[in-house]
Amino acid sequence: MFRTTCLTRNFLSILDLDPGELEAVLALAARLKQERGLGWQAPTSRALAGQHVALLFEKPSLRTRCTFEIGIHELGGEYLHVPHEVALRDREKLSDVAQNLELWVSAIVIRTFAQQRLAAFAAAAPRLRVINALTNEQHPCQALGDWLTLVERWGSAKDRTIAFVGDGNNVARSLMEAGALLGATVHLGCPDGYHLPERVLEQARAATSPRAEIRTFIDPAEAVRGADVVYTDTWTSMGFEAEAEERRQTFAPYQVNARLMSLARPEALFMHCLPAHRGEEVTDEVIDSSASAVLDQSENRLHTQKAILLTLMGG
Ligand code: CP
């Protein structure tokens, strides 16, 4: 039987984990990645046998949805999709939906708008494991895949600098929080007015491991200078489409192109959570270069999500 020592019941935020738990999830993910080739002979292939996981997606998804479906199947569990029209609209109270689902499934993976909705769902159904598959505020599953990608290359995040440039969004927040827990230096280069809220930065600083540091910049060149990684994301996250044209103008100086990459370390990696808007936040030249780790990040979504499912449900 697979056992974990994780204290958290839900995974709504990276800060639901302490540094040791985050390192343990990444180590488990690395093991699952190694063992995947064993197929049904893998020691975890029946770990979720007899358990159901609900998938509730209110926004489009390729990577998160596919990797959860495949991951649950590979762990011997079953999944079902809950239509967001019946679960997250006005048909019935959110707490009633949560309390019904709790009767049938062990866990639920939710992609929605407000983080508060996830917290309300978890509070209403204390026996249910709730996993954040992206909200407007946070994308913790993405950060797990990102940091596995880096830790498997470097061995450790300590004494490394990751620079995020662009919109201080959900991806930036979870990436920063995980970096802080793992002892990295995190640079955030965002236009004035687009930085993460000060209370979010303070909360992450309070959780940092010794040697970790979080620094904010307005100038993208200063943010990436000497960095080991340059990371960017869309300038217009889901839900902010009405601001797209204004954002294209504001963020133009933050495009990750060969000139900006040349300011980072010579062996620096480029990262992006995808989907990418080529020609906007990143050029083809950069995302298709040998420095690009985007497909490793995407692959590692599968292994890290299997690890978080096992951590919450498998013991
Ligand atoms: N990066 C990410 O979450 O991709 P999807 O929106 O396709 O799930």
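Note that ligands are numbered from 1 as they come in the structure, with each ligand's atoms numbered from 1 the same way. Any value given below was found using the heavy atoms of this structure, including those in side chains, with hydrogens, waters and symmetry copies removed. Note that this is a predicted model, so its numbers are computed, not measured.
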Any sub-3.5 Å donor-acceptor pair from [X]'s side-chain atoms to [Y]'s backbone N or O?
X: Asn170; Y: Thr135; value: yes
X: His303; Y: Arg31; value: no
X: Asp16; Y: Ser13; value: yes

(request) Ignoring angles and geometry beyond distance, decide whether Pro275 reaches within less than 3.5 Å of ligand 1 through its nitrogen or oxygen atoms. (result)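 No, since none of the N or O atoms of Pro275 sits under 3.5 Å from an N or O of ligand 1.
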(message) When you compare ligand 1 with Cys273, is there at least one nitrogen or oxygen pair between them that comes in under 3.5 angstrom?
(response)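 Looking only at distances, the answer is yes, because the N/O contact criterion of under 3.5 Å is met.
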(message) Under a 3.5 Å threshold, yes or no: a donor from one side chain and an acceptor from the other, between Glu152 and Asn300?
(response) yes
(request) Answer yes if the side chains of Asn257 and Thr283 hold a donor-acceptor pair under 3.5 Å, and no otherwise. (result) no
Would you mind listing which atoms of ligand 1 come within a distance below 4.0 Å of any non-hydrogen atom of [X]?
X: Thr64; answer: 2 (C), 3 (O), 5 (P), 8 (O)
X: Arg301; answer: 1 (N), 2 (C), 3 (O)
X: His139; answer: 2 (C), 3 (O)
X: Leu62; answer: 5 (P), 7 (O), 8 (O)
X: Arg111; answer: 3 (O), 5 (P), 6 (O), 8 (O)

(request) Specify whether Phe270 and His272 have parallel, tilted or perpendicular ring planes, treating 30° as the upper limit for parallel and 60° as the lower limit for perpendicular. (result) tilted
(message) Which heavy atom of Arg129 sits nearest to which heavy atom of Leu312, and what is that distance?
(response) NE-O, 3.0 Å
(message) Starting from atom 4 (O) of ligand 1, what is the nearest protein heavy atom, named by residue and atom, and what distance separates them?
(response) Arg63 NE, 2.9 Å
Proximity of [X] to ligand 1 by residue part, where a heavy atom lies under 4.0 Å:
X: Leu134; answer: neither
X: Gln297; answer: neither
X: Lys59; answer: neither

(message) Check this for me, if you would: do Glu85 and Arg89 make a salt bridge, where the nitrogen-to-carboxylate-oxygen distance has to be below 4.0 angstrom?
(response) no
